[in-house]
Amino acid sequence: MSTTIGVPRTRDAASETVHRYTCPLCECMCGLDVHVDTAQQVTLVRGAKDDVWSKGYLCPKGSALGYLHHDPDRLRAPMVRDGDQWREVSWDEAFRRCEELAHPLLERDGIGAFTAFVGNPTGHSFSLGRYMAQLIGGAGFSHIYSAGTVDQWPKNVTSVLMYGNMWLLPTPDIRRTDYFLCMGGNPQASGGSLLASPDVLGEIDAIRARGGKVVVVDPRRTKTADRADEWIPIQPGTDAAWLLAVINVLVENDAITLGHLADMVDGLDRVLEVCRDFSPESVESFTRVPAATTRQVAQDIAAADAAAIYGRIGLCNQEFGTLASWLVDVVAICSGNFDIPGGAMFGNPINAPLAWLASTRANGLPEFGRWKSRVRGVPEVLGQFPASCLAEEIAAPGPGQIKGLVTVAGNPVISVPDSAKLDAALPMLECMISIDNYLNETTRHAHVILPGPSPLETAHYDELMWSWAARSAGKWSDPVFPLAEGQPDEWEILIRLGQILKGRRNDEVDVAAIDDGFFIMLCRAKGLDPDAVLPLYDRGGPERMTDWSIRVGPWGDRYGEVPDGLTLEQIKAEPNGVDRGPMIPRAREAVCTPTGHIDLAPDYIVADLPRLRAAMDAERTGLVLVSRRHLRSKNSWMHNVPVLVKGKDRCTLLIHPDDAGRAGITDGSLARVSSEAGSIEVAAEVSDEMMPGVVCLPHGWGHDQEGTRLSIAREHAGVNNNLLAPGEFVDTLSGNAAVNGIPVEVVPA
Ligand SMILES: Nc1nc2c(c(=O)[nH]1)N[C@H]1C(S)=C(S)[C@@H](COP(=O)(O)OP(=O)(O)OC[C@H]3O[C@@H](n4cnc5c(=O)[nH]c(N)nc54)[C@H](O)[C@@H]3O)O[C@H]1N2
Ligand SMILES: Nc1nc2c(c(=O)[nH]1)N[C@H]1C(S)=C(S)[C@@H](COP(=O)(O)OP(=O)(O)OC[C@H]3O[C@@H](n4cnc5c(=O)[nH]c(N)nc54)[C@H](O)[C@@H]3O)O[C@H]1N2
Ligand code: SF4
Ligand SMILES: [Mo]
């Protein structure tokens, strides 16, 4: 796709400057040419044709980056709230206010009364992702909350147990596969998630053009399914049972093979034993997938030269998220489709991500449930409680009550289940500080808002996304616009706030010294002598760290040890980026479990099978709700961009004609949707793109709250589907929210 959306004004193209930038909004990491006129106005954003990675691809969100930058509602100065009045203040005053709020509470209740909520843009940010540890470690939070437990926590649990690192995530090699099984993901809308490749739909076309097959397993016939050979509708939350049946057929057909990994996979016998009870026929009524279809899928996987099996948010954000995510990998491994071109592979990024420093070989297997949440009593998983616990931890009085909160690039009032509870709890906080660019549904409750730069005012190099990218590529973006006078970059804000929450005064914080300390630790982690490395740099921050991550990466110069090795300088010299080829088999080097082997059947995960069995045996009736995304939205925070929200209302309840008829709902009429958690009214869109029995709402809407500064979003408010998500409905093993498969009732409003 090639879209160009200019800002409506007369252009004098000859006087424009063109800046190359990488879009930070999704995993496609599109190279953009950003045109800027002499009045410093963005006039046009185009896909950069010469970008080695994205080759001109972009979507409407990327072309709207100029609007985000110029959005009059975007915060450009820190804000302090007195009662319901906001005033802009200087950065000094803002940090002073943070001290005034935090220090008395720290003295009285200690850091145990504080926590943080970390949101999605952190993963795409040059500063935030690399420096979040400085806020958490500086402050000394015992645990935090994040969008991770409404997203990929099941995959993190699976990866840490099977491969030794929670961020070592197998990536479907869609560019070389001849069979792509896409479960619970809709790259047409999302751009692809935990599978970085621009233009995933183009890759789907290419698979089919080379004689391969693409199958989408999803309760909704998405636009991705429309491009595939086959759509298999599945009852939400039942994928784990279905995948066990697929393995069952592989066994029956004598198609189990570990291929070249035979000597490094433990636990195959256990898998073969547990799948015995799951024949395609026995899961048919639970999954609603005909046994013959299941058999065909298993046969196709076995027959393919290379099959890529992929599960994404629909498989994570559900009741059996960890089982389903685990079984996606198990099918790949035990059908010989792991660590081979065209199968599932570990990415091989040019930059060694910070997150890969940890390993269970070095640190031992994780213990889950080292502590329990105070109110609900649920176990901590990888240092976090379910995001939906936050509301009750703030609201319920008693020792350990949360009274101080920092939100970083998150909008949990919209994004977290049972959101009405969180919305009611946040005003009880004595100290709430938000690092965010908007006064929105969440930050309106803050006492202080510390805005980051606009997406065009900061340098960009994706840190994490390249670790599950289709190719080993990398590219650097200079900021298009300089930072405004006095505006700190976000890594600096994180360091300062971490120290303030440690009890320090802002004017005592030596940002450079703390940054040096962090960098010295990284040098040591890679066996480098900090005394030799540190003097090579005239400044610190995320740029120095990015240079480190490239130099210690697979093509790096290791600070002179490898004479022709890569450095950030060399990547900067290639405006179109650097590409070192496709993924390569590297499980042997990457797997970092205590045994060095892949654990195909971790006890922690297998022990959850009886819960699945019980669900299969339970009586089930009525409708269930799932979520969806749209190409022109980004979670909750881009509905203030006029070009992205114009046109027909997208916040509708999709419902199958049979269900609509039964409920007395007609197309366009207002429906009342109710669950155990709450009730909303929304316009119905009757469509056979839903399978019968499943209804669907987009996530990220509900902008009609008082006290926000989102003038455009307010006119396109929509409703928040998390008002319907029961907070205690989670995947037990990971604590991840089950925002898909929620039992609901639908009646005319
Ligand atoms: N029902 C339902 N709920 C869901 C989902 C679903 O599918 N269904 N999906 C879940 C998923 S996958 C996710 S990731 C979460 C997302 O959950 P959140 O991360 O809480 O939500 P976002 O809408 O992404 O909010 C991003 C926030 O960051 C701010 N922001 C944007 N850019 C920057 C920046 O550069 N710096 C700073 N400091 N702030 C910035 C925005 O103003 C906004 O407040 O939602 C989850 N919730
Ligand atoms: N345009 C746009 N792009 C985005 C985002 C956005 O909000 N807008 N958000 C970003 C974020 S934070 C993320 S995490 C990614 C997510 O990226 P994707 O995983 O591709 O997310 P979705 O597009 O929501 O697709 C999820 C699909 O799962 C299906 N599903 C729901 N429940 C089940 C189930 O039980 N089983 C099966 N098999 N399928 C199920 C839904 O019908 C839906 O089609 O997208 C990212 N990219
Ligand atoms: S949002 Fe994603 S697909 Fe769209 S331009 Fe940005 S990186 Fe590319
Ligand atoms: Mo996400």
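Numbering of ligands and ligand atoms starts at 1, following listing order. Atom set for the values below is all heavy atoms of this structure, side chains included, hydrogens, waters and symmetry mates excluded.
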**OP:** Give the residue, atom name and distance (to 0.1 Å) of the protein heavy atom nearest atom 21 (O) of ligand 1.
**Re:** N411 N, 3.7 Å
**OP:** Mind listing the protein N/O/S atoms less than 2.8 Å away from atom 8 (Fe) of ligand 3? Waters don't count.
**Re:** C30 SG
Subject >> Heteroatom distance test (R628, ligand 2): nitrogen or oxygen, under 3.5 angstrom >> reply: no
Subject >> Taking atom 2 (C) of ligand 2 as the reference point, the nearest protein heavy atom with its distance >> reply: S633 O, 3.0 Å
Subject >> atom 8 (N) of ligand 1 [closest protein heavy-atom partner, distance rounded to 0.1 Å] >> reply: S627 OG, 2.9 Å
Original post:
Quick one: does ligand 2 sit under 4.0 Å from the side chain of N740, the backbone, both or neither, non-hydrogen atoms only?
Top reply: side chain
Original post:
In terms of residue, atom name and distance, what is the protein heavy atom nearest to atom 6 (C) of ligand 1?
Top reply: H699 CG, 3.4 Å
Subject >> Polar contact flag for R632 and ligand 2 (N/O pairs, less than 3.5 Å) >> reply: no
**OP:** For atom 25 (O) of ligand 2, find the nearest protein heavy atom and state the residue, atom name and distance (0.1 Å precision).
**Re:** N186 N, 3.3 Å
Original post:
If hydrogens are left out, which of P698, A387, A409, S434 has an atom nearest to atom 28 (O) of ligand 1, that is, the closest non-hydrogen atom?
Top reply: A409
Original post:
Please state which protein non-hydrogen atom is closest to atom 23 (O) of ligand 1 and give its distance, to 0.1 Å?
Top reply: S636 OG, 2.5 Å
Original post:
Between K61 and ligand 2, which residue portion shows a heavy-atom distance shorter than 4.0 Å: side chain, backbone, both, or neither?
Top reply: side chain
Original post:
Does some side-chain heavy atom of M691 sit less than 4.5 Å from a side-chain heavy atom of R220?
Top reply: no
Original post:
Can we say D462 and K475 salt-bridge, meaning some charged N sits less than 4.0 Å from an Asp/Glu carboxylate O?
Top reply: no
**OP:** Decide whether an N or O pair under 3.5 Å exists between I313 and ligand 2.
**Re:** yes
Original post:
With only distance considered, is D151 within less than 3.5 Å of ligand 2 through an N or O on each side?
Top reply: no
Original post:
Do D33 and Y21 get their side chains close enough for a donor-acceptor pair, meaning under 3.5 Å?
Top reply: no
Original post:
Where on K634 is there a heavy atom closer than 4.0 Å to ligand 2, on the side chain, on the backbone, on both, or on neither?
Top reply: both
Subject >> contact_flag Q235 ligand 2 heavy-atom lt 4.0 Å >> reply: no
Subject >> Residue of the set L323, T322, T149, N317 for which side-chain contact (heavy atoms from CB on, under 4.5 Å) holds with D731 >> reply: T322
Original post:
Between V626 and ligand 2, does any nitrogen or oxygen pair lie at a separation below 3.5 Å?
Top reply: no
**OP:** Indicate yes or no: does E492 engage R496 in a salt bridge with an N to O separation below 4.0 Å.
**Re:** yes
Original post:
For ligand 1, which part of P121 has a heavy atom less than 4.0 Å away: the side chain, the backbone, both, or neither?
Top reply: side chain
Original post:
Does an N or O from L631, backbone or side chain, lie closer than 3.5 Å to an N or O of ligand 2?
Top reply: yes
**OP:** Only heavy atoms count here, so choose which of G191, G314, C182, P233 is nearest to atom 33 (C) of ligand 2.
**Re:** G314
Subject >> For ligand 2, the portion of T238 having any non-hydrogen atom under 4.0 Å away >> reply: neither
Subject >> Proximity winner for atom 12 (S) of ligand 1, if only heavy atoms of E441, E457, Q152, R629 are counted >> reply: R629
Original post:
Should R444 and D423 count as an ion pair when the cut-off is N to O under 4.0 Å?
Top reply: yes
**OP:** Could you find the nearest protein heavy atom to atom 35 (O) of ligand 1 and give me its residue, atom name and distance?
**Re:** E490 OE1, 3.8 Å
Original post:
Does any N or O atom in V739 lie less than 3.5 angstrom from one in ligand 1, N or O only?
Top reply: no
**OP:** Check whether the side chains of R650 and S633 place a donor and an acceptor atom closer than 3.5 Å, and report yes or no.
**Re:** yes
Subject >> Contact partition for L315 relative to ligand 2, non-hydrogen atoms under 4.0 Å >> reply: side chain
**OP:** Pick one of side chain, backbone, both or neither for how N721 approaches ligand 1, counting any non-hydrogen atom pair under 4.0 Å.
**Re:** side chain
Original post:
Taking the non-hydrogen atoms of H630, is any one of them nearer than 4.0 angstrom to ligand 2?
Top reply: yes
Original post:
What do you reckon, does G741 put a non-hydrogen atom under 4.0 Å from ligand 2?
Top reply: no
Subject >> For atom 3 (N) of ligand 1, closest protein heavy-atom neighbour >> reply: N722 ND2, 3.1 Å
Original post:
Do any nitrogen or oxygen atoms of P219 come within less than 3.5 Å of a nitrogen or oxygen of ligand 2?
Top reply: no
Subject >> Identity and distance of the protein heavy atom lying nearest atom 43 (C) of ligand 1 >> reply: D436 OD2, 3.5 Å
Original post:
What is the closest protein heavy atom to atom 16 (C) of ligand 1, and at what distance does it sit?
Top reply: N635 ND2, 3.6 Å
